[in-house]
Amino acid sequence: MRALTLCLALLPLPGLADILPITAPITDVTVYASGALVTRTGTFDLPAGDHILRIEGLDPELAVNSIDVDLNGARITSRTWLADGSGPYRAPRTPDWLAARAALDAAEDALAAHRDAITRARAQAQAAQDQIDFLTGLELPDNAAPDADALRAIGQLIASDGTAARAAIAEAQAQVRLLERQSPDLIFALEQAQAALDAATPPNNRPATLDLAVTVPAAGQGDIRLAYVSQGAGWQPFYTVTLGDDDSVQIDRSIGISQWGAEHWTDVAITVSTLNLAERTEPGRLPSLRRRIEDKAAPAVTLQRSLGAADMVLEAPVIVEEASGVAVDLSGVGVRYVLPGRVTVRADEDVLLVALDTLTLDGTLTARAVPLRDETAYREVALTNTTGEILLPGQAQLYVGAQNIGTTLLDLLPPNADTEIFFGAIEGLRLTRTVLDRNEGDRGLISRSNEQRERIRLEIENLTTRAWLVELREAVPFSEQEDLVINWTATPGPDVDGIDDRRGALGWDLNVAAGETARVTVDTVLTWPEDKVLR
């Protein structure tokens, strides 16, 4: 029995395996439209036998089964995930944190002393008021004989002490008003100090530890690669689009990267991809199309409301990295941009803006005029994407020369595709839409109007010093009912009838010289049965 016990004691026990701390820093990150694939790599020496490889400083939000581990030189037998989330959080006492804490303490003390002064001033006013109440409440006993000298003394006491008390009340109230006017500045200083302390306090993201139980057949070098998805990341393209004097369009491309995970990406290689990890990976199911009929119901009047597009608010970039010669991978699924060099993206910062490159496209400048909606025409530049690359949708700052004129959203533009970009209003191209005549038939007490006639005049006045090719657009009514007959004529006739395949959308290409005014008249006639009403 003793021999068996001795033999068992000599056997290697898993719980007694030595722990080998290894480092595997983040080296590569692929940022998707939502989320990022983070890759850590490391190289280390492995002695033969059973060991525990300990990797510290990982994202505590990860799950052990979500980490893809590739290990050369050893065989993994088990994994253990140690996420330290217990106990109160104590921020590291860095010099910046200590200075911010001292500033906050000083701001708190200043506000507390200020409020104490207000309390004392109010107490002085209340004490003076109590003195006045006491003096005005003095009375002689009911059985006391009136004494003129005593009454005179009481009156003098009330007059002198009451006057002093009322003066004290006025002075204390003035002091309270002065102190209360100073309170907002002290409160704002306290809020600023708190914000500075929050900025100097590292987030409460205690790192997690991954323990890998491994068996090493022979001593040698070990190579490890860990890959996992961080949900708190994303990117989007930004553009600066400039219209030049020669009608060319210069497009400066940038990529904005942000991440709000638990790890800083320090000196890593970054690739951005247009893929979205949150999208479905399988097609939708085909539904069954069941139809039925019901009794006719009275037609309902539908009100339509026009909704305007909301402005995009983007956080201002805080870091700018210059990156030339960016590589674009169009061979796989989606579009991938491999950023040159290595980049640092800290967690919880606003946006890291990485400048990519500059593209120049030839454009054709014209003016777009819609008198039904606008009082001025707008610059319109038609161009073709001759870069051979897909231009992704994104926010663009627009410039005409050195003048910033606002922002817009660029649509997706594949190679060799055509598009138009608008560069703001042309104040010298004034638009006027005048209704010259409108006749709705019989205007008697009993209206049997079944005809509507209208004549409008469209004018483009060129107050600039150059000639413009103006694309004038106007809408005429159309009908899908046989009983409603619509006829229209225009002078001059339109160059396009049905712009963008929209019925009733008319277009003219007008050359308007400097100082001249172009005019177009449009007549419309609508007729319908007398027992119907025009809507």
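The backbone N or O of Ala189 sits nowhere less than 3.5 Å from a side-chain atom of Asp185 that would complete a donor-acceptor pair. At distances below 3.5 Å, at least one donor-acceptor pair connects side-chain atoms of Trp508 with backbone N or O atoms of Gly493. For the pair Ser479 (side chain) and Gln481 (backbone), a donor-acceptor distance under 3.5 Å is present. Arg455 places no side-chain N or O within donor-acceptor distance of the main-chain N or O of Thr524, the cut-off being under 3.5 Å. With hydrogens and angles ignored, the 3.5 Å screen pairs a side-chain donor or acceptor of Asn462 with a backbone N or O of Arg466. A donor-acceptor pair is defined here as one N or O able to donate and one able to accept, closer than 3.5 Å; such a pair exists between the side chain of Trp235 and the backbone of Ser273. At least one donor-acceptor pair under 3.5 Å links the side chain of Arg79 to the backbone N or O of Ile67. Asp247 contributes no side-chain N or O that, together with a main-chain N or O of Thr364, makes up a donor-acceptor pair within less than 3.5 Å. Formation of a donor-acceptor pair under 3.5 Å by the Asp362 side chain with backbone atoms of Ser248 is not found in this model. Using modelled atom types, no side-chain atom of Gln236 and backbone atom of Ile255 make a donor-acceptor pair closer than 3.5 Å.
The CG atom of Leu197 sits 6.0 Å away from atom CH2 of Trp97, with the distance rounded to the nearest 0.5 Å. Note that CD of Glu461 is 7.0 Å distant from OG1 of Thr432, once rounded to the nearest 0.5 Å. The distance from atom CG of Asp411 to atom CG of Leu409, rounded to the nearest 0.5 Å, is 8.0 Å. The distance from the CD atom of Gln259 to the CH2 atom of Trp265 is 4.5 Å, given to the nearest 0.5 Å.
Of the candidates Asp223, Asp70, Thr27, Thr41 forms a side chain to side chain donor-acceptor pair (under 3.5 Å) with just one, namely Thr27.
Summarising the local packing, CG of Asp245 is surrounded by 12 or fewer heavy atoms from other residues, nucleotides or ligands at distances under 6.0 Å. Atom CD of Glu375 is surrounded by 12 or fewer heavy atoms from other residues, nucleotides or ligands within 6.0 Å.
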Let me check something: any side-chain donor-acceptor pairs from residues 396-403 under 3.5 Å, sequence neighbours excluded? List them with distances.
{"residue": "Gln397", "atom": "OE1", "partner": "Asn404", "partner atom": "ND2", "Å": "3.2"}
{"residue": "Tyr399", "atom": "OH", "partner": "Asn404", "partner atom": "ND2", "Å": "3.4"}

Please tabulate, one pair per line, all N/O donor-acceptor pairs under 3.5 Å involving side-chain atoms of residues 494-501, not counting sequence neighbours.
{"residue": "Asp495", "atom": "OD2", "partner": "Asp509", "partner atom": "N", "Å": "2.7"}

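Between Val370 and Leu431, the shortest heavy-atom contact is N-CD1, 3.8 Å. Thr376 and Ile426 get closest at one heavy-atom pair: CB-O, 3.7 Å. When every heavy atom of Pro529 is checked against every heavy atom of Asp483, the shortest pair comes out as CD-O, 3.4 Å. Taking each heavy atom of Trp81 and Leu58 in turn, the nearest pair found is CZ3-CD1, 3.6 Å.
We find that Glu380 and Arg368 are joined by a salt bridge, their nearest charged nitrogen and carboxylate oxygen being less than 4.0 Å apart. Between Arg253 and Glu389 there is a salt bridge, with a side-chain nitrogen of the basic residue lying less than 4.0 Å from a carboxylate oxygen of the acidic one.
Partners of Thr266 by side chain to side chain donor-acceptor pair (under 3.5 Å), not counting sequence neighbours: none found. Partners of Asp28 according to the side chain to side chain donor-acceptor pair (under 3.5 Å) rule, which considers only residues two or more places apart in sequence or in another chain, do not exist here. Residues passing the side chain to side chain donor-acceptor pair (under 3.5 Å) test with Arg40 are Tyr228, Glu263, sequence neighbours excluded. Residues satisfying the side chain to side chain donor-acceptor pair (under 3.5 Å) test with Arg519, not counting sequence neighbours, are Glu459.
A donor atom on one side chain and an acceptor atom on the other are found under 3.5 Å apart for Asn385 and Thr387. Counting only N and O atoms by type, the side chains of Thr358 and Asp252 include a donor and acceptor under 3.5 Å apart.
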Assess whether side chain to side chain contact (heavy atoms under 4.5 Å, CB included) is satisfied between Val520 and Leu472, documenting all intermediate values. CA-CA 9 Å; Val520 172; Leu472 174 65; 3.7 Å; yes

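With a 4.5 Å cut-off on side-chain heavy atoms, Val338 and Val272 do not count as touching.
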